[in-house]
Every structure is written in C-alpha cells, then in structure tokens.
Amino acid sequence: MAKELPLKFYSIDTLAAAKGLLGKYLVRRYRSKTISLMITDVEAYVGQDDKACHASCGKTERNKAMFGRAGRWYVYFTYGIHWMLNIVTESEGYPAAVLIRGTDKVWGPARITKFLKIDKKFNGLPANKKSGLWIEDRGFKVKESEIKRAPRVGVDYAGAWAKKPWRFYILGE
DNA sequence: GCAGTGATCATA
DNA sequence: ATGATCACTGCC
C-alpha cells in the first residue's frame with residue numbers, strides 16, 4: 001500500500017503538515033532505481049513574521065518557490081556546499097514550508113539531498129512521480145504521543161522565533 | 001572547537 | 001562591482 005500524497009495534502013497549516021509528514025516515505029526515482037526513506041525529522045518555517053524563515057525579509061529570487069503553490073519543492077544551496085530540501089505548504093502567496101531534516105536511513109538535511117542526488121533542478125517542481133521525487137503514504141501510522149517537539153536547529157539568530165518548538169521528530173535524537 | 005565552501009543578497 | 005551571510009558537515 002503505497003499512495004502518492006496529493007498536492008492538496010500540503011495546502012494546510014504548516015505545523016499540521018509537518019507532523020503529518022512523519023512516517024511518510026520520501027521516494028526518489030533516479031536512473032531507473034527507486035530509493036525510499038521514511039521521514040522522521042522535520043521543521044516548519046511559517047510566513048514572513050517568522051524571523052527564522054527565509055521569507056521573513058520578503059520575496060527574493062532564492063526563496064520565491066516558498067511563495068508558490070503547496071506541494072512544490074523548495075530547494076536551496078547554503079554554506080557553499082549543501083542543498084536543503086523543503087516542501088512548500090499552505091496557500092499560494094503565503095510563504096511557508098517544511099524542511100526535511102532526517103529519515104530512517106539517512107539523517108541530516110544536507111546528507112539526504114546528497115544521498116538522493118537532489119539539487120537546484122527540483123526547486124519549484126511539484127512533488128509527484130513525474131518530477132522524480134515525491135512522498136508516499138505506506139500505511140505507517142505515527143501516534144500523536146510518539147511525536148517529539150524541539151526548537152529548530154541553527155536559527156539562534158531569530159530571537160523569540162528561535163525558541164518556537166517547530167521541529168517535529170520520531171525515533172531517537 | 002571551527003574551517004571549508006560558494007550562491008545569494010544588499011549595497012553601490 | 002564587492003563583502004557579509006548562511007535552516008550544515010566533517011574534521012580537529
């Protein structure tokens with residue numbers, strides 16, 4: 001039982017979408033091979049008021065994907081080496097996204113993109129089979145009581161927003 | 001603990 | 001045009 005998540009799955013409240021993604025499978029079709037990883041760690045970035053969100057300083061060439069339709073990928077490059085994978089949420093025009101931070105087999109936002117060969121090409125593409133990168137529901141249920149919360153990582157500069165427990169994860173860490 | 005790495009953005 | 005910044009990783 002593997003059901004591709006419809007794009008409308010993402011056009012809801014970002015925190016709800018973030019929690020909903022735990023236990024789902026990130027699937028990459030690459031050179032006739034299919035790799036799947038269960039999502040276990042995510043962070044929510046919500047709107048222009050969120051000082052930790054890239055969109056807090058307005059729309060730019062880099063972050064415009066976050067302002068687009070839900071269910072698209074927002075992929076950006078940072079620290080000169082790393083690609084970060086996010087899925088856009090909520091309604092078009094409202095900048096919000098969920099960062100995929102960890103999976104069962106590969107942990108670490110930059111490691112995931114490296115492992116799955118994800119780069120700028122995916123920025124703005126829809127999360128469906130056609131794009132080669134999508135998310136599936138394979139029937140794995142995550143109980144609300146199993147979801148742990150923590151402040152987001154690497155956003156100390158964001159003042160009060162840095163304290164918001166918008167990181168959601170299951171298993172260890 | 002902190003260097004490495006380079007696209008992106010603001011400033012000019 | 002230049003300089004600062006950066007949702008990280010890996011090595012010291």
Side-chain angles (χ1 to χ4, degrees), chain A residues 10-24 26 28 35 37-127 131 133-135 147-173:
Chain A
Y10 309 98
S11 54
I12 57 171
D13 173 77
T14 307
L15 300 186
K19 285 196 270 189
L21 287 173
L22 294 171
K24 299 295 189 293
L26 176 65
R28 171 78 161 110
I35 304 171
L37 302 169
M38 190 175 80
I39 298 169
T40 61
D41 199 331
V42 296
E43 286 178 2
Y45 289 87
V46 189
Q48 303 211 18
D49 293 336
D50 177 1
K51 291 288 178 291
C53 182
H54 282 167
S56 65
C57 297
K59 190 173 181 176
T60 66
E61 190 58 30
R62 179 205 206 193
N63 66 26
K64 67 181 182 189
M66 253 205 290
F67 289 78
R69 288 195 57 199
R72 309 292 179 113
W73 298 112
Y74 166 43
V75 180
Y76 68 90
F77 190 70
T78 191
Y79 293 110
I81 340 184
H82 305 301
W83 293 100
M84 298 285 137
L85 178 65
N86 303 249
I87 183 79
V88 178
T89 58
E90 308 212 26
S91 44
E92 186 165 5
Y94 183 84
V98 174
L99 169 69
I100 300 185
R101 174 165 276 286
T103 64
D104 55 346
K105 297 196 194 69
V106 181
W107 194 90
R111 295 202 196 113
I112 291 169
T113 52
K114 187 178 172 194
F115 187 75
L116 297 179
K117 308 271 194 303
I118 292 164
D119 61 21
K120 201 180 184 68
K121 292 195 300 294
F122 284 95
N123 193 35
L125 291 185
S131 72
L133 183 66
W134 68 98
I135 300 177
I147 299 177
K148 298 178 224 174
R149 301 182 66 147
R152 292 171 293 181
V153 175
V155 295
D156 292 346
Y157 62 84
W161 292 92
K163 298 194 176 64
K164 298 206 174 283
W166 286 356
R167 175 180 173 207
F168 300 92
Y169 58 102
I170 53 178
L171 313 174
E173 292 290 327

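Only heavy atoms go into these numbers, but all of them, side chains included; no hydrogens, no water, no symmetry mates. Nothing here was measured: the structure is a model prediction, and the numbers come from that model. Here is how names work: the chains are called A, B, and so on, in the same order as the sequence lines, proteins then strands, and each is numbered from 1.
- When side chains are defined from C-beta on, A/Glu90 counts as touching A/Asp13, because their heavy atoms get closer than 4.5 Å.
- OP1 or OP2 of C/dA7 has at least one side-chain nitrogen or oxygen of A/Tyr157 nearer than 4.0 Å.
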Return the polar atom pairs (N/O with N/O) between nucleotides 1-3 of chain C and the protein under 3.5 Å, or none.
none

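- Looking only at side-chain heavy atoms (C-beta outward), A/Gln48 and A/Ser56 stay at 4.5 Å or farther from each other.
- C/dA7 atom P lies 10 Å from atom CE of A/Met66, rounded to whole Å.
- Heavy atoms of A/Phe77 sit under 4.0 angstrom from primed sugar atoms or phosphate atoms, though from no base atom.
- Using a 4.5 Å heavy-atom cutoff, the side chains of A/Phe122 and A/Thr113 are not in contact.
- A/Leu26 has its side chain within reach of A/Leu133: a pair of non-hydrogen atoms, C-beta onward, lies under 4.5 Å apart.
- A distance-only check finds no donor-acceptor pair linking the side chain of A/Arg69 to the backbone of A/Val88 [under 3.5 Å].
- The aromatic rings of A/His54 and A/Tyr76 sit perpendicular to each other, their planes meeting at more than 60°, with 30° as the lower class boundary.
- A heavy atom lying under 4.0 Å from DNA chain C marks the following residues of residues 43-60 of chain A, by number: A/Tyr45, A/Ala52, A/His54.
- Across the protein-nucleic acid pair, A/Trp83 atom CH2 and B/dG6 atom P stand 12 Å apart, rounded to whole Å.
- Residue A/Lys114 qualifies as open at atom NZ: its count of foreign heavy atoms under 6.0 Å is 12 or below.
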- With both pairing distances under 3.5 angstrom for Watson-Crick or G-U wobble, and | for a partner in another strand, the correct string for DNA chain C is ||||||.||||.

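- The side chain of A/Tyr79 lies closest to C/dC6, out of B/dT8, C/dG10, C/dC6.
- The CD atom of A/Glu61 sits 17 Å away from the C1' atom of B/dG6 (whole-angstrom rounding).
- Side-chain N/O atoms of A/Arg62 include none lying less than 4.0 angstrom from OP1 or OP2 on C/dC6.
- Cation-pi geometry between A/Arg28 and A/Phe115 is not met at under 6.0 angstrom from the ring centre and within 45 degrees of the axis.
- The shortest distance between side-chain heavy atoms of A/Trp73 and A/Asn123 does not fall below 4.5 Å.
- The distance between atom CD1 of A/Ile112 and atom C1' of C/dC8, rounded to the nearest whole Å, is 12 Å.
- Residue A/Tyr76 places its side chain closer to C/dA7 than to any other of C/dT9, C/dA7, B/dA7.
- Note: CD1 (A/Ile100) to P (C/dC8) measures 15 Å, nearest angstrom.
- Residue A/Arg152 is classed as having no contact, given no heavy-atom separation below 4.0 Å to the nucleic acid.
- Under a cut-off of 6.0 angstrom, the local environment of NZ in A/Lys105 is crowded, with over 12 non-hydrogen atoms contributed by other residues, nucleotides or ligands.
- Atoms OH (A/Tyr74) and P (C/dC6) sit 13 Å apart, rounded to a whole Å.
- Although no hydrogens or angles enter the test, the distance criterion places no donor-acceptor pair under 3.5 Å between the side chain of A/Ser91 and the main chain of A/Tyr94.
- Rounded to an integer number of Å, the gap from CG of A/Asn86 to C1' of C/dC8 is 13 Å.
- Not one N or O on the side chain of A/Ser131 forms a donor-acceptor pair closer than 3.5 Å with the backbone of A/Leu125.
- Atom NE2 of A/His82 is separated from atom P of C/dT5 by 19 Å (rounded to the nearest Å).
- Phosphate contact (OP1/OP2 of C/dA7, side-chain N/O of A/Arg167, threshold under 4.0 Å): absent.
- Residue A/Arg111 has its side chain nearest to C/dG10 when only C/dC8, C/dG10, C/dA7 are considered.
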